[in-house]
Amino acid sequence: MNLKNHLSIEIEKLKLNKILLDDIPSKWEKHGDLILLPASSFQNELWSNLGERLWDIVAEALRCQRVARKYSINNDDYRSPQVEILKGSDGWVLHIDNKIKYTYDITKCMFSAGNISEKLRIAQLSCEGETVVDLYAGIGYFTLPFLVHSKVSLVHACEWNPYAVEALSKNLKLNGVKDRCVIHYGDNREVCPGKVADRVNLGLIPSSERGWETACKALKLSGGILHVHGNVTSNLYPVQYAETGKKSLQGKTEWKVWSDYVCDRLKSIFNQLYSSDWTVNVMNITRIKSYAPHIDHLVADIHCKLSEDLNSVTI
């Protein structure tokens with residue numbers, strides 16, 4: 001029996017308006033034993049006539065123990081979720097993908113299922129022996145694939161949301177990688193270590209530009225790779241725009257404009273930091289997902305290397 005059928009019986013008993021059937025959702029999110037309903041669900045004041053019985057019926061129909069309802073994301077620095085717990089005592093859930101366990105409180109932290117392709121790509125990178133800096137670690141979206149599958153030696157995870165830090169700490173323990181990660185709590189521009197990284201992950205959208213200088217400072221003087229995320233508005237017509245060795249980079253004209261801008265800014269930052277020129281090249285551009293019509297969430301893998309002898313660098 002579906003959710004509408006369950007509730008239609010109660011509607012008949014209470015002689016409530018049939019229009020309430022249109023207030024019942026047809027889609028929802030399932031997080032273990034918790035169902036997360038869309039914001040438009042059960043908003044009519046007539047539902048209050050059912051009291052707590054309403055959420056008992058929903059839980060029974062959807063075979064769950066807890067019920068919650070989500071609203072628009074808060075427009076704050078943390079992009080905090082707005083979630084109301086309707087049945088149950090807390091919002092902690094467990095999500096597993098690619099053999100990695102993520103636990104987090106849905107009332108405090110976001111989980112982006114759309115980033116799964118990038119998490120899988122990171123898991124396939126060859127990073128054994130490397131040190132990675134993750135500037136926007138969150139609950140460990142990218143930190144954990146680096147540690148669990150890419151076999152990095154150490155990750156410096158920077159995060160300023162206390163609720164995300166709490167979840168990240170739990171996730172490191174859950175996945176048995178706590179000893180290979182150092183959490184730096186606070187603004188990464190203030191807490192990120194310098195000259196330690198073989199690669200830096202900048203997984204922030206719509207733009208990670210505010211972290212570019214921090215990322216450059218975090219790279220070892222021997223150079224390394226920056227994984228730069230960003231949202232790029234583009235047209236619908238794919239074109240070939242560049243080649244790296246034998247591998248063609250396929251994309252859209254706007255992708256090249258964006259990656260060229262990123263490289264130019266990084267070169268300028270390195271020059272300001274070390275009074276020396278750096279070679280900055282795009283190795284690959286990956287489209288993670290469509291963020292909105294004509295807007296692509298991209299990540300550019302950019303190799304950065306000091307052009308001159310280290311002895312000439314002002315440190």
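All residue numbers in this chain count up from 1 along the given sequence.
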Measure the shortest side-chain to side-chain distance between [X] and [Y] over non-hydrogen atoms and say whether it is less than 4.5 angstrom.
X    : Y    : result
H95  : D97  : yes
H149 : L144 : no
Y141 : M110 : yes
V228 : W258 : yes
S207 : N231 : no
Y261 : K256 : no
L125 : R199 : yes
C304 : I225 : no

Is [X] reaching over with its side chain to a backbone N or O of [Y], donor-acceptor style, under 3.5 angstrom?
X    : Y    : value
T103 : V93  : yes
D198 : E130 : no
S150 : V152 : no
N44  : L46  : yes
Q82  : S72  : yes
K151 : S153 : no
S259 : W255 : yes
E166 : P162 : no

A cation-pi test, strictly: NZ or CZ of K170 under 6.0 Å from the centre of the six-membered ring of W92 and no more than 45 degrees from its axis. Yes or no?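 The answer is yes, since K170 meets both limits relative to W92.
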Can a side-chain donor-acceptor contact be found between [Y] and [X] if the only test is distance below 3.5 angstrom?
X    : Y    : answer
W278 : N271 : no
T286 : N284 : yes
S307 : T279 : yes
N281 : H303 : no

Tell me whether [X] is salt-bridged to [Y], with the criterion being a basic N under 4.0 Å from an acidic carboxylate O.
X    : Y    : value
E29  : K70  : yes
D301 : R121 : yes
E84  : R69  : yes
K87  : D56  : yes
D296 : K289 : no

Please name the pair of heavy atoms, one in [X] and one in [Y], separated by the smallest distance, quoted to 0.1 Å.
X    : Y    : result
I139 : N171 : O-ND2, 2.9 Å
R287 : L298 : CA-CD2, 3.8 Å
D33  : C64  : O-CB, 3.3 Å

Any chance the rings of Y136 and W160 have centres within less than 6.0 Å?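 No: the rings miss the under 6.0 Å criterion.
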Verify whether the ring centers belonging to H31 and Y102 lie closer than 6.0 Å.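 H31 vs Y102: aromatic centres not under 6.0 Å.
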Using the side-chain contact (heavy atoms from CB on, under 4.5 Å) definition, which of the options V262, L135, V200, V133 pairs with L226?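 In the set V262, L135, V200, V133, the residue that makes a side-chain contact (heavy atoms from CB on, under 4.5 Å) with L226 is V200.
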Qualifying residues under ring-ring contact (aromatic ring centres under 6.0 Å, His included), relative to Y104, sequence neighbours excluded: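 So Y104 forms a ring-ring contact (aromatic ring centres under 6.0 Å, His included) with F111.
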Co-members of the apolar cluster containing L94 [side chain, <4.5 Å]: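 Joined to L94, directly or through intermediates: I96, L174.
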Hey, can you tell me if H156 and H184 have their rings parallel, tilted or perpendicular (30° and 60° cut-offs)?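 Tilted.
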Let's go through I106 and L34 carefully: what are the C-alpha distance in whole Å and the side-chain angles of both, what is the deciding distance for side-chain contact (heavy atoms from CB on, under 4.5 Å) to 0.1 Å, and is it a yes or a no? CA-CA 10 Å; I106 61 170; L34 185 147; 3.4 Å; yes
Without placing hydrogens or testing angles, list every side-chain donor-acceptor pair under 3.5 Å for residues 211-219, not counting sequence neighbours.
unit_1: W212; atom_1: NE1; unit_2: S208; atom_2: O; d: 3.2
unit_1: W212; atom_1: NE1; unit_2: S208; atom_2: OG; d: 3.1
unit_1: E213; atom_1: OE2; unit_2: K217; atom_2: NZ; d: 3.3

